[in-house]
Amino acid sequence: MLKLPERLILLALCSCFACAAAQQPHAAVPIVLRAARLLQVDSGIILRPGEILVTGDRISAVGSSVNHPQGAKIIDLGDVTLLPGLIDVHIHLFLHPGAEDLQTVEESVPWRTILAEQAAKADLLAGFTAERDMGTEGAGSADTAIRNAIDKGLIPGPRLRISGNAIDILGGHEDANRYNPAQHVLSNADYANSADELIAVMRAQHKEGADFAKIYETGHDRILSGELHTPYQYTQEQLAAAVQEAHRLGTVVAVHAMGEPGTLYAAQAGVASIDHATQLSDETMRLMRLKHIPAVPTFAIFDYFAHNRTTAAEAASEAALLDCKIREFKRQIAAGIPFAVGSDVGPFPHGTQAVELELMVRYGMSPLAVLQADMIEGARLLGWQGEIGELKPGYFADVIAVPGNPLDDITAVERVSFVMKNGQTVR
Ligand SMILES: [Zn+2]
């Protein structure tokens, strides 16, 4: 048996080798990507044609014509538009279509981890090169294995920010409320019932590898006469304690929060994003503008449920929720709050979530505004601003190609024909 210092040296050597393997330049040969069009997301200008010089895992040059170094590999993609890789800031790799509460009870964490690996691959092939996983829903910190395996190049997938389990109160949004209590069915989230417990859970999740904390702030939701009613779960003071702890750890808090007063408490506490954000008061929106807190509408999941419920009563209730959401979204656009793009994929099939961009355009935003929300706001929310989300020298070479012009027809992002991540062609 090795003494501790020797074991530490061996561990250090092992992790160095792992780093070396992961960080080796992926493309020894420079690559020039060429296409009929290239969108500059910040300005909305389309270059015709567009070229990108890729050296290793980074972009070295962008323009209508870039330097072609000796021996460079030229990839001419033809009549397509080059864009930065898509970003989804609200996903669940550990969920798949079918009864959400039952799959987390019936399926083992090892099985769910294998399905999550498949989900990560499906998302990447659909053009999503960066994502934020908003909770494993009862699989604890198993998402660290997926993130780390992707980072080491062992499995294909987007670059990930992960939360581990989400955090919830006893009897709250994610608790196993309708089961036989004698069976002791576990919650799909970690319990925290006070500021002290929030901090303790966040420390445990941080220890296990979480990049940020996902907190359920509202639920369950009911629509009465077209208005959303949803109880808050944590007070403003409790959320502020969580945000302070996250900042101490160098991370952030993201909340599931749909209506008042939960969204107001979240905005006052200074969370990083308000996800779902169905119904926001004027004061909440004022704070979101002031503190630059994006709303993440997640239309795709609401649309999916409105069209895929088994009973007429369920479908009617989901449709009422979607109607309320659409009406409120127009108010939010008019109020000028920031948006990021998240689909809540998992309960509907992974790899199909680019429909979120189509829905945001359908309900009131311009295609360019949605692409900016997705790529520029998304990169900022994930803490990768200046590294992803735009096609600029020095950024990671995360590039996709879509047919046609997405500024004329946003559904082009649902037909991604080419995907490069970290300078490596994956599709
Ligand atoms: Zn979610």
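Atoms within a ligand are numbered from 1 in the order they appear, just like the ligands themselves. Just so we're clear, the structure is a prediction, and the values are computed from it rather than from any experiment. FYI, the numbering just counts along the sequence from 1.
For Asp344, the N, O or S atom with the smallest separation from the Zn ion (ligand 1) is OD1. If you look at His92 and ask which of its N, O or S atoms sits nearest the Zn ion (ligand 1), the answer is NE2.
Between His350 and His96, the distance from one ring center to the other does not fall under 6.0 angstrom. Taking the six-membered ring wherever Trp is involved, the centroid distance between the rings of Phe299 and Tyr363 falls below 6.0 Å.
Side-chain atoms of Glu131 never come within 3.5 Å of backbone atoms of Arg159 as a donor-acceptor pair (strictly under, hydrogens ignored).
Look at His90 and the Zn ion (ligand 1): an N/O/S atom of the residue is under 2.8 Å from the metal.
Both tests do not hold together for Arg331 against Phe329: distance to the six-membered ring centre under 6.0 Å, angle to the ring axis within 45°.
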